[in-house]
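Taking it in order: structure first as structure tokens, then the write-up.
Lettering follows sequence order; numbering is per chain, from 1.
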There are 2 protein chains.
Amino acid sequence: MAMNKLHTNATLADPEDLASAEPLYYRIAQDLLRSIRNGDYPVGSMLPPEVRLCEHYGASRFTVREALRWLTDHNLIDRRRGAGTTVKNAEPAPSFIYRLSSLSEMLKYPEDTYRENLVSTMVQVDPRLSDYIGSPVGHEWYRIGGLRRSDRSDLPICWSDIYILPEFAPLVAGETTSNEPVFQRIERERGVVIANAQIRIFASSIEGELARLLRVADGSPALTFVRRYLDESGRNFESTVTIHPEKRFEYALELHRDGAGGLQT
Amino acid sequence: MAMNKLHTNATLADPEDLASAEPLYYRIAQDLLRSIRNGDYPVGSMLPPEVRLCEHYGASRFTVREALRWLTDHNLIDRRRGAGTTVKNAEPAPSFIYRLSSLSEMLKYPEDTYRENLVSTMVQVDPRLSDYIGSPVGHEWYRIGGLRRSDRSDLPICWSDIYILPEFAPLVAGETTSNEPVFQRIERERGVVIANAQIRIFASSIEGELARLLRVADGSPALTFVRRYLDESGRNFESTVTIHPEKRFEYALELHRDGAGGLQT
DNA sequence: TAGTGGTCTAGACCACTGC
DNA sequence: CAGTGGTCTAGACCACTAG
């Protein structure tokens with residue numbers, strides 16, 4: 001029987017136990033986690049129903065549910081009304097997270113900057129662009145190219161090429177300057193929801209015409225970002241390539257240990 | 001009185017209401033959210049205590065707490081035992097997260113790479129280093145400098161300088177090659193827990209001796225990372241500076257929309 | 001010390017699942 | 001239809017905070 005798999009719990013419910021400093025629901029959660037890790041409840045198997053856990057731990061349903069809630073919050077189990085509790089993971093997953101309160105925060109540009117659009121045209125995907133935006137060679141996209149500027153300096157911050165699906169072109173065609181990120185505009189006006197954003201960051205050098213526009217020497221170092229924005233169905237509806245000359249921009253991120261960290265008792 | 005700020009709730013508790021399809025705790029949560037957005041409870045202000053919310057909504061404490069739990073989960077309020085409930089955010093920020101299952105994943109180097117240590121010495125922080133590692137000028141750190149290599153290519157992947165607090169020097173002194181990240185070693189052998197990691201990414205150029213070691217032309221573009229590792233008390237115990245020549249390395253991250261998305265009723 | 005949120009019990013009814 | 005998890009009530013004691 002499933003219950004045999006649970007550890008003895010004599011100490012668990014004992015209020016004299018030293019470990020009692022921690023709430024009962026937490027000790028129950030840890031005990032269940034231990035059982036899961038032990039393989040008593042392998043991934044894919046079912047946990048005993050709440051009532052049985054109540055009997056086993058001598059706790060009320062509320063307390064047992066708090067324990068199960070903890071496991072749910074840490075991505076270890078799935079619960080379905082009527083069906084029961086399934087083990088989803090044996091390890092309390094991701095330990096570090098980088099959290100943005102909004103996607104435009106990902107861009108990291110100060111508020112007082114704006115885009116100066118210099119190129120607006122339909123383009124056909126060539127092999128290099130295909131690698132960047134992940135769209136097959138030959139497909140058509142609408143491209144907006146321009147410089148990002150700040151009022152505080154004559155030097156442009158970066159060159160950016162924005163590629164969007166042709167259907168969204170009317171939203172931005174004809175704009176010469178803009179404060180609002182294009183993806184935000186698409187989200188707002190067309191109800192597209194960004195579910196996912198992919199970012200690649202690498203070093204490159206600035207050559208020729210681009211060097212002149214960015215006012216740097218030919219072959220100067222640059223920080224290049226390629227970003228892809230995907231909607232809920234996984235469709236890539238916008239991609240951007242931005243090229244930042246040395247010393248004009250820097251990207252920073254801060255990772256925090258997730259709550260799931262301190263698990264072991 | 002604070003309670004005056006709450007909307008009338010006649011329909012909220014009415015079981016005949018059509019909206020009753022949704023659980024009471026959820027309707028209460030939405031009502032509170034509406035009040036917060038309205039400015040009835042500005043960011044920084046306090047929400048009424050649970051007991052008062054119970055009276056107002058005619059619900060049990062359990063139900064009110066479920067509502068408050070919802071607000072907590074969505075990053076809208078902060079709760080402190082004894083102190084009360086504070087409004088933290090007015091908008092359930094559509095947040096995006098980047099999750100790592102471990103910190104070494106942050107390094108993004110393939111498994112088959114290793115460090116070849118060429119320099120090991122105590123250093124005094126100069127102004128430039130101070131900006132990088134965030135330690136006052138004059139402080140002493142232990143430095144390990146070297147190349148990261150892969151067996152698959154003669155070209156080194158990057159140059160890395162690792163700065164650690166002198167107390168951890170014995171852990172790594174004398175090593176000539178290493179697979180394990182230094183922070184991981186410190187975590188494992190000294191029980192230091194990394195709570196936070198800060199990363200800065202920018203473009204730079206490779207000059208002089210470094211160019212020779214990395215086998216690139218003088219002034220070649222590079223992707224530079226500065227990383228700081230902080231423990232639970234906020235102490236910076238390790239910082240690294242890594243310099244990647246063009247085309248040998250690229251950093252990628254993928255952001256996902258957080259569950260907090262679908263809020264509005 | 002009065003009032004807060006955190007934990008917990010012992011009940012209850014319901015919606016949903018799978019047999 | 002029996003059994004599951006989801007919601008909810010009406011109590012209780014406790015740890016903690018702030019005046």
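Taking the charged nitrogens against the carboxylate oxygens, Arg200(A) and Glu250(B) do have a contact shorter than 4.0 Å, which makes a salt bridge. The pair Arg188(A)-Glu180(A) meets the salt-bridge criterion, since a charged nitrogen lies less than 4.0 angstrom from a carboxylate oxygen. Between Arg79(A) and Glu50(A) there is a salt bridge, since a side-chain N of the basic residue sits under 4.0 Å from a carboxylate O of the acidic one. Salt bridge present: Arg34(B) and Asp31(B) bring a charged side-chain N and a carboxylate O closer than 4.0 Å.
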I'd like a list of close polar pairs between nucleotides 17-19 of chain D and the protein, N/O only, cut-off under 3.5 Å.
{"from": "dT17(D)", "atom 1": "O3'", "to": "Arg80(B)", "atom 2": "NH2", "distance (Å)": "3.3"}
{"from": "dA18(D)", "atom 1": "OP1", "to": "Arg80(B)", "atom 2": "NH2", "distance (Å)": "3.2"}

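Considering only residues two or more places apart in sequence or on other chains, Arg69(B) meets the side chain to side chain donor-acceptor pair (under 3.5 Å) condition with Glu66(A). Annotation: side chain to side chain donor-acceptor pair (under 3.5 Å) contacts of Asp231(B) (sequence neighbours excluded): Ser233(B), Arg235(B). Taking the ring pair (Phe, Tyr, Trp, His ring centres under 6.0 Å) definition, one finds that Phe237(A) meets it with nothing, sequence neighbours left out.
Side-chain contact, Tyr229(B) with Asn196(B): no donor N or O sits under 3.5 Å from an acceptor N or O.
Taking a pair as Watson-Crick or G-U with both hydrogen-bonding distances under 3.5 Å, the stems of three or more pairs touching DNA chain D are C:1-18 with D:1-18.
Nearer to the 5' terminus of DNA chain C, by closest-nucleotide assignment, is the contact made by Pro49(B) (compared with the other of Pro49(B) and Arg65(B)).
Between the side chain of His139(B) and the main chain of Ser135(B), no donor-acceptor pair closer than 3.5 Å is present.
Of all nucleotides in DNA chain C having an atom under 4.0 Å from a heavy atom of chain A, the first and last in 5' to 3' order are dT7(C) to dG18(C).
Scanning both residues, Gly84(A) and Met46(A), for their nearest heavy atoms gives CA-CE, 3.8 Å.
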